[in-house]
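In what follows, a single structure is set out as structure tokens and then discussed.
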Amino acid sequence: MMIQRPAIPGIPVCVLITGATGGIGAALALEYAQAGSRTLILQGRDGRRLRQVADACAAAGAQVLTERLDVRNLDALRGWLARISRDEAPDLVVANAGVNIDTGPQGQGESWDDVQRLLDVNIRAVFATVDAVLPAMRARGHGQIALMSSLAAWRGLPEIPSYSASKAAVKVYGEAMRDGLVGAGVRINVVLPGYVASRMCFDMPGPKPFLWEAPRAARAIRLGLRANRARISFPFPLNLGTFLLSVLHPAVSGWILRRMGYGGR
């Protein structure tokens, strides 16, 4: 019989993470396990990797539940989340599942099939996740939902236009939902990471300034969520730079990006 951990102030008792087999998702799962969360609920498509992450979290003392499913199957995703919300009542839900595509080595452009897949994962599944877990949180009068965006949401990069657009959609959606839920007891936070070491990051073309390791990013996210920051963005130099690019005239920001090695010269 497993002895349950005592609740720790400032640490969510039950954490649900979608995309828990990716770089940030796996690091976040282990971060919360080590910080003292009692239960982790982890979703992923890669069964072998999901088991590895679950085993590491269990070794750190957490009870771990796993679900292998494709978030593009919205009916299955919503049904699972509704059951979990009823049975486990997660305190924190991290909508982290995401994919990236690019315009190709010769800049030939993104394929339409890839664009549709990306939009299904990065936007529709994220919105569906929020919609599925929100009713139970509203009924309880408390809960927290973190949405994984990106610093690319500030100003789209020419190599990854669809990814940039999808993360901008998540950012705006999260900010609007946060304001709309004031007084409901449900906190919404938008996470905007820069480059974090992972397979998805290294598959992305272009330079990767201020690269962070995944455990460092996970800790920054956990601390930002504990402080209920509306935007959790890092690293600071890249966050400042991308924000400034967003307010400059597009001709100027485009010239800067080309000088930095993004897009054609």
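Because the structure is a prediction, the values reported are computed rather than measured.
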Exercise. Answer yes or no: is there an ion pair linking D120 with R72, defined by an N-O contact shorter than 4.0 Å?
Key: no
Exercise. Indicate the atoms forming the closest heavy-atom contact of P193 with I24, along with that distance.
Key: CG-CD1, 4.0 Å
Practice problem: Measure across G23 and A214 and return the closest heavy-atom pair with its distance rounded to 0.1 Å. | Solution: O-CB, 3.7 Å
Quiz item: Side-chain donor-acceptor pair under 3.5 Å between N228 and N189, yes or no?
Solution: yes
Self-check item: Closest contact, heavy atoms only, I101 versus S162
Solution: CD1-CB, 4.3 Å
Quiz item: Can you find a pair of side-chain heavy atoms, one from P215 and one from E31, that are under 4.5 Å apart?
Solution: no
Quiz item: In terms of side-chain geometry, is the basic nitrogen of R51 or D55 positioned less than 4.0 Å from the acidic oxygen of its partner?
Solution: yes
Quiz item: Which of these, L119, D114, V115, sits in a side chain to side chain contact (heavy atoms under 4.5 Å, CB included) with R117?
Solution: D114
Self-check item: R49, CZ atom: more than 12 neighbouring heavy atoms under 6.0 Å
Solution: yes
Exercise. Decide whether L69 and V121 are clustered together by the hydrophobic rule: side chain heavy atoms of Ile, Leu, Val, Met, Phe, Trp, Tyr closer than 4.5 Å, transitively.
Key: yes
Exercise. Measure across M137 and Q144 and return the closest heavy-atom pair with its distance rounded to 0.1 Å.
Key: CE-O, 3.5 Å
Quiz item: Could you give the distance from CG (L225) to CD1 (I145), rounded to the nearest 0.5 Å?
Solution: 11.5 Å
Exercise. May I ask you to decide whether R83 forms a salt bridge with E88, counting only side-chain N to carboxylate O separations under 4.0 Å?
Key: no
Self-check item: Distance (rounded to the nearest 0.5 Å) between Y163 OH and T103 OG1
Solution: 15.0 Å
Quiz item: Taking the six-membered ring of W154, is NZ or CZ of K171 closer than 6.0 Å to its centre and within 45° of its axis?
Solution: yes
Quiz item: Which heavy atom of L42 sits nearest a heavy atom of A29, and at what distance?
Solution: CD2-CB, 3.8 Å
Quiz item: Any idea which heavy atoms bring P237 and F210 closest together, and the distance?
Solution: CB-CZ, 3.6 Å
Practice problem: Decide yes or no on side-chain hydrogen bond (donor to acceptor under 3.5 Å, both in side chains) for R155 and S253, but give the supporting numbers first. | Solution: CA-CA 9 Å; R155 208 292 187 180; S253 60; 3.0 Å; yes
